[in-house]
Amino acid sequence: MSANLPFIDLASQRDRIRPQIDTAIARVVDHGAFIMGPEVGRFEEELSAFAGAKHTVSCSNGTDALTLVLMAWEIGPGDAVFCPSFTFAATAEVVAFLGATPVFVDIHADTFNMDPASLRTAIDEVKATGELRPRAVIAVDLFGQMADYAAVRALCDEHRLSLISDAAQGFGATLDGQRANVFADAVTTSFFPAKPLGCYGDGGAIQTQDDDLAATLRSLRVHGAGTDRYDNVRIGMTGRLDTIQAAVLIEKLAIFEDEIAARGRIAERYNALLADVADVPVLAGGAVSTWAQYTLKLPVGARPAFQSALGKAGVPTAIYYPKPLHRQTAYQAFPVAGNGLPASDGVADQVISLPMHPYLSEADQDRIVAAAREALDADALAAAS
Ligand SMILES: *Cc1c(COP(=O)(O)O)cnc(C)c1O
């Protein structure tokens, strides 16, 4: 029996760029500017160039990236922020953290991304109730695929709402060749090590075309600093990206396009080898995903046996997400669109993610596919008997 496979293999990437990383970290240790050193500004420029964004404001993590934007817009008690429930907790957590109200919106069961029809329902309901001021939408590029920004933006324009793209999983993705910053007022991302573009610790960034927003964000990430160093002009936070992480990210960004392409090839191969036995992920036409996760949908009830069969074959799997946020203890009192979120509830019982990273060899892909096919066949047999 061969060894267990990793779910995400960060070691292969490290080995590929080891000399560059070692040199970059040593350079920071030598110059000693650990906070806001020269690599931070250089990385921000390179990330702006990568995405065609006017401004990049790097920061401490992907959660603070969201928080900083909401703070810049002075969102707080009495404000409604619309977001999906089928996402990582941070998307809604930041809203509640600032005293505002997350209003949960359903997703499309095929793309796992925000359903504009459900968003429209949620906005109408908040307006009809009259208790909260609708302020902003946070759309999530779940598993690496961009949300339906054309439709979401149109609703935001119609109702004068600001739009954040939570691109922690989908930074680097495109839709018809366009990036999220074409549609969103702010794009936020995370450099948590397991994200498609990760660093060696915590990190994050915000991109925007808006000069005033960028200036406010730069102030907020250092305690609300003004032009006079000893006159803070607003309440902010310690939200900077470490220089060492910026130095690491410069080296990782250099190979990022190549890695996105590799992820795309692996996802296509998985699709080709699994489509006849499982519900494989669906991309909207014109979408390039960063494949933060490769997620299958299984018949309800089939997942536990599938997961344990793959585990026995040394193939790790993960469930993103077993419980949508509106079902979780801390979030269940917040409003949901319409009469509930049937698509979010439905996929939560079906999803399972297979190993996905740019360095997955064809041999390992074949091993994963064989284990998955065997588990699904056994399942089908059990169901038929
Ligand atoms: C990872 C993630 C975040 C938070 O990023 P951190 O850097 O861990 O704070 C926010 N939103 C989504 C969708 C994520 O996947």
Side-chain angles (χ1 to χ4, degrees), residues 7-8 10 43 47 56-71 81-98 102 104-105 107 111-114 136-149 152 163-173 180 184 186-207 217 220-221 237-242 244-246 248-249 252 263 281 289-295 318-326 328 330-331 344 347-348 351 353 356-357:
F7 187 68
I8 293 180
L10 293 171
F43 172 63
L47 204 68
T56 297
V57 180
S58 61
C59 65
S60 33
N61 56 65
T63 306
D64 287 348
L66 289 162
T67 307
L68 286 162
V69 176
L70 297 178
M71 286 171 80
V81 177
F82 303 90
C83 66
S85 171
F86 191 70
T87 176
F88 182 63
T91 308
E93 181 186 30
V94 293
V95 178
F97 178 75
L98 291 171
F104 291 116
V105 172
I107 54 166
T111 61
F112 305 112
N113 279 334
M114 182 179 273
V137 173
I138 305 178
V140 178
D141 300 341
L142 207 74
F143 303 152
Q145 172 169 213
M146 276 169 63
D148 182 358
Y149 284 111
V152 172
L163 175 58
I164 298 178
S165 159
D166 178 351
Q169 300 179 19
F171 185 81
V187 175
T188 65
T189 193
S190 163
F191 304 125
F192 183 83
K195 308 283 180 178
L197 180 60
C199 59
Y200 286 159
D202 280 309
I206 304 145
Q207 295 195 314
L217 291 169
L220 284 168
R221 80 174 163 185
M237 63 157 79
T238 310
R240 298 166 298 235
L241 179 71
D242 289 348
I244 285 185
Q245 300 304 341
V248 167
L249 283 161
K252 292 209 186 192
R263 287 169 180 274
S289 174
T290 56
W291 294 105
Q293 301 298 339
Y294 180 89
T295 302
I319 299 173
Y320 302 113
Y321 296 90
K323 224 182 202 189
L325 294 177
H326 73 287
Q328 296 185 19
Y331 297 94
S344 302
V347 300
V351 286
S353 303
M356 168 54 79
H357 60 82

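Start at 1 and go down the list; that is how both ligands and their atoms are numbered.
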Checklist entry - Is there a donor-acceptor contact under 3.5 Å linking the side chains of Thr295 and Ser353? => result yes
Item to check | Aromatic ring pairing Tyr321/Phe86, orientation class (parallel under 30°, perpendicular over 60°, tilted between) | outcome: perpendicular
Next on the checklist: Out of all atoms in ligand 1, which are within 4.0 Å of some heavy atom of Asn61? Include the element for each.
Outcome noted: 7 (O), 9 (O)
Checklist entry - What atoms of ligand 1 come closer than 4.0 angstrom to any heavy atom of Thr87? => result 13 (C)
Item to check | Backbone N/O of Val57 and side chain of Gln207: donor-acceptor pair under 3.5 Å | outcome: no
Checklist outcome for this item: For Ala168, the atoms of ligand 1 under 4.0 Å from one of its heavy atoms are 2 (C), 3 (C), 10 (C), 11 (N), 12 (C), 14 (C), 15 (O)
Checklist entry - Tyr200 and Asp242: side chain to side chain donor-acceptor pair (under 3.5 Å), yes or no, with the steps? => result CA-CA 10 Å; Tyr200 286 159; Asp242 289 348; over 6 Å; no
Next on the checklist: Pairs of nitrogen or oxygen atoms closer than 3.5 Å, one from Ser190 and one from ligand 1: do any exist?
Outcome noted: yes
Next on the checklist: Check contact between Asp166 and ligand 1, using heavy atoms of the residue and a distance below 4.0 angstrom.
Outcome noted: yes
Checklist entry - In the protein, what heavy atom is nearest to atom 14 (C) of ligand 1, and what distance, to one decimal place, separates them? => result Lys195 NZ, 3.0 Å
Checklist entry - Against heavy atoms of Ala90, which atoms of ligand 1 measure under 4.0 Å? => result 4 (C), 10 (C)
Item to check | Minimum-distance protein heavy atom relative to atom 9 (O) of ligand 1 | outcome: Thr63 OG1, 2.5 Å
Checklist entry - Of Gly170, Gly62, Pro193, which has the heavy atom at the shortest distance from atom 6 (P) of ligand 1? => result Gly62
Checklist entry - Do the numbers put Lys252 on top of the ring of Phe171, so that NZ or CZ is under 6.0 Å from the six-membered ring centre and no more than 45° off the axis? => result no
Checklist entry - Asp141 versus Asp166: any side-chain heavy-atom pair under 4.5 Å? => result no
Item to check | Any donor-acceptor N/O pair, Arg263 side chain to Trp291 backbone, under 3.5 Å | outcome: yes
Checklist entry - Can you list the ligand 1 atoms lying under 4.0 Å from a non-hydrogen atom of Val140? => result 13 (C)
